[in-house]
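Being a predicted model, the structure only gives us computed values, none of them experimental.
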Amino acid sequence: MKKKICFLILISFCYSSFSQIQLDNTLITERVVASNLDVPWDMVYSNDGWIWFTELSGKISRVNPDTNVFELIYTVPDVQVFGFSAGMHSIVLHPNFPATPYLFVHYTNTSTTSKLVRYTYGINSNTLSSPLTIIDNIPGDVSHNGSRMLIENDKLFISIGDGYDNPSSAQDLNTLNGNILRLNLDGSVPSDNPISGTYIWSFGHRNPQGLCVGNGKIYSSEHGTSNNDEINIIEENRNFGWPNVQGFCDLPSETAFCNSENVAEPIWTWTPAIAPCGMDYFNHPSIPEWQNSLLLAVLKDKKLIQLQLSPDGTSIIEENSYLVNTLGRIRDVLVLPDGRIYICTTNKDFAGSPNTDDDKIIELQNDAFLGIDDFSNLSFKLFPNPSNGRFTIHINELRGSNYTFEIISVNGSKVLKGSIDKDTTEVNANTLNPGMYFLKINNSNTSIYKKIIIK
């Protein structure tokens, strides 16, 4: 069993601002959540409030976005790191996690193969066990192994690249390379997959490294060659063209192939290539300028891109770039239900130029947003602070109901909670050990925090 490792990061560091993004009417603040990582690849949010993520070397860790506590959970023993960032790649959690404690990871396990494995998470032991191989012997190579995963309607989707040296495999339905795969959570082939007996959902992909759901659609980002990086809407049993078609069907040879082979064209392309990577769908009122958008991590061009979608989500109507050449290579984007956005850098990979504290996970948030309705213009005071354990919460213009408070220790545990039904609430926490804690005020829309010290 691997021992749990906790790094308690000082609050003055975790929540200190180091840069900002100014939109039309919104100021987005950036904060470092975790640093000194080793090529983080994929991030996913858990129902228990943690962000889980993978690192290229095989590490699976989690960080609490409320307290910034970091824990190394497990290191997968048979990950093989080689070539152009082959190693541990994507991660996804069971929709009912942690009650259903299954975690899926995809990684290269030899120099020629990758596999998809399900682990079981032990809440009490805080580690992973009982590895079950779901798909074995996926042809792998130095690059173009993919991958991203998501679970939608109890089906697991995973993107697999063409295997780098064998682009024709993307048109070969007898191999898993160059495809988006769809499988049941027990690893079986769904009976309603378009091709009987196979995981293949769509094919003709070169190296899709972004996958997310929005507007009832699955969007994917895909690496082209030196030209024609793509954003696609993934459709059942559609051919996405590679290697016969690059980008749109705009050459005579491509047009003929597209017409005969049911090719789906991208909704957006880049030439020259920018190396698009992980992405997520954003539609939260905390950043109105980015609502109904895809947020895309970019490796080669070292930036974050916002792609404004049409109201029906079928096309992209605007592209805006942020953080250009400020953080280096950005590998993934994760949007939390409360509107916070997390990105991870990957400057320690084969093409990066790392700083001394790379790689990082960074939070993007509109600090001024305190929700809607009941939390509009909400502010609160906490006094005395530091205290001997007895303190007062005073909320300016308490509106509505269903307010609660929680006291959270620096290791992420909730040690005290209660309700708030008036402007001034007295709290007795003198049974807690002296130290630093977080006070969290909640209602049905959002949460706000203050640091508290108990002497």
Side-chain angles (χ1 to χ4, degrees), residues 2 5-7 9 13-14 18-19 30-44 51-63 65 68 70-91 105-109 111 114 140-148 161 164 207 209-210 221 223 273-280 295-305 322-334 341-364:
K2 301 293 182 180
I5 300 176
C6 298
F7 296 93
I9 308 172
F13 171 76
C14 296
F18 72 91
S19 185
E30 304 167 36
R31 297 181 181 91
V32 174
V33 172
S35 59
N36 296 302
L37 304 176
D38 183 17
V39 191
W41 187 280
D42 198 12
M43 301 181 292
V44 63
I51 295 171
W52 291 69
F53 64 95
T54 59
E55 296 174 76
L56 192 69
S57 62
K59 295 177 182 178
I60 299 172
S61 304
R62 66 179 187 172
V63 63
N68 290 61
F70 170 92
E71 296 178 351
L72 171 63
I73 302 298
Y74 189 73
T75 300
V76 176
D78 61 334
V79 172
Q80 292 292 313
V81 179
F82 62 97
F84 308 121
S85 297
M88 173 62 75
H89 295 325
S90 54
I91 180 173
V105 286
H106 172 247
Y107 57 93
T108 50
N109 61 310
S111 61
S114 70
D141 210 323
V142 294
S143 187
H144 295 204
N145 299 299
S147 66
R148 296 290 164 185
Y164 191 70
N207 191 23
Q209 287 196 4
S221 64
H223 289 245
I274 61 169
C277 205
M279 66 178 179
D280 209 347
L295 300 181
L296 176 69
V298 177
L299 295 168
K300 179 182 176 183
D301 278 20
K302 301 176 182 178
K303 59 186 177 181
L304 176 72
I305 291 179
Y322 303 94
L323 305 175
V324 181
N325 293 320
T326 61
L327 300 174
R329 293 163 63 81
I330 302 178
R331 175 70 66 174
D332 194 24
V333 182
L334 174 67
I341 301 162
Y342 293 83
I343 58 178
C344 64
T345 66
T346 182
N347 292 313
K348 289 181 180 176
D349 68 10
F350 77 103
S353 299
N355 293 320
T356 55
D357 56 350
D358 274 328
D359 281 312
K360 306 181 187 75
I361 295 175
I362 297 164
E363 176 193 83
L364 306 179

Option passing side-chain contact (heavy atoms from CB on, under 4.5 Å) with Met43 (candidates Thr54, Val333, Val63, Ile361): Ile361
Close side-chain approach of Leu327 and Ile343, heavy atoms under 4.5 Å: yes
Under the salt bridge (Lys or Arg N to Asp or Glu O under 4.0 Å) test, which residues partner Asp280, sequence neighbours left out? none
If every non-hydrogen atom of Glu363 is compared with every non-hydrogen atom of Pro65, which pair is closest and at what distance? OE2-O, 4.3 Å
Check Asn145 against Gly140 and note the closest heavy-atom contact, atom names and distance. OD1-CA, 3.2 Å
Could you report the tightest heavy-atom contact between Pro276 and His223, atom names first, then the distance? O-NE2, 2.8 Å
For Asp38, the side-chain hydrogen bond (donor to acceptor under 3.5 Å, both in side chains) test, sequence neighbours excluded, returns none
To the nearest 0.5 Å, tell me how far Ile91 CD1 sits from Tyr107 OH. 12.5 Å
Answer whether the closest heavy-atom distance between the side chains of Trp41 and Asp332 falls below 4.5 Å. no
Any heavy-atom pair between the side chains of Asp358 and Thr345 that's under 4.5 Å? yes
Identified side-chain contact (heavy atoms from CB on, under 4.5 Å) counterpart of Ser90 within the set Val44, Asp42, Val105: Asp42
What closest approach, in Å, do Leu296 and Ser221 show between heavy atoms, and which atom pair accounts for it? CD1-CB, 3.8 Å
Less than 4.0 angstrom from a charged side-chain N to a carboxylate O is my criterion; do Arg331 and Asp359 meet it? no
Can you tell me how far the CD atom of Glu55 sits from the OG1 atom of Thr346, to the nearest 0.5 Å? 10.0 Å
When you compare the side chain of Leu364 with that of Tyr322, does any pair of heavy atoms fall below 4.5 Å? no
Quick one, Ile274 and Lys300 - any side-chain contact, counting heavy atoms below 4.5 Å? no
Separation between OG1 (Thr326) and CD (Glu30), nearest 0.5 Å, reads 6.0 Å
Have Tyr164 and Asn207 got a donor and an acceptor in their side chains that come within less than 3.5 Å? no
Validation row: Val33, Arg31 side chains within 4.5 angstrom (heavy atoms): no
Lys59 and its side-chain contact (heavy atoms from CB on, under 4.5 Å) partner, picked from Val79, Val39, Leu72, Leu37: Leu72
To the closest 0.5 Å, what do you measure between CG (Asn109) and CD (Gln80)? 7.5 Å
Counting N and O atoms only, with roles assigned by atom type, does the side chain of Arg148 sit under 3.5 Å from a partner on the main chain of Gln209, one being a donor and the other an acceptor? yes
I want to know whether Tyr342 and Phe53 have ring centres closer than 6.0 Å. no
Not counting sequence neighbours, which residues clear side chain to side chain contact (heavy atoms under 4.5 Å, CB included) with Ser114? List them please. His106, Thr108, Ile138
Smallest heavy-atom separation, Val76 atom then Met88 atom, equals CG2-CE, 3.5 Å
Backbone of Asp357 reached by a side-chain donor or acceptor of Asn355 within 3.5 Å: no
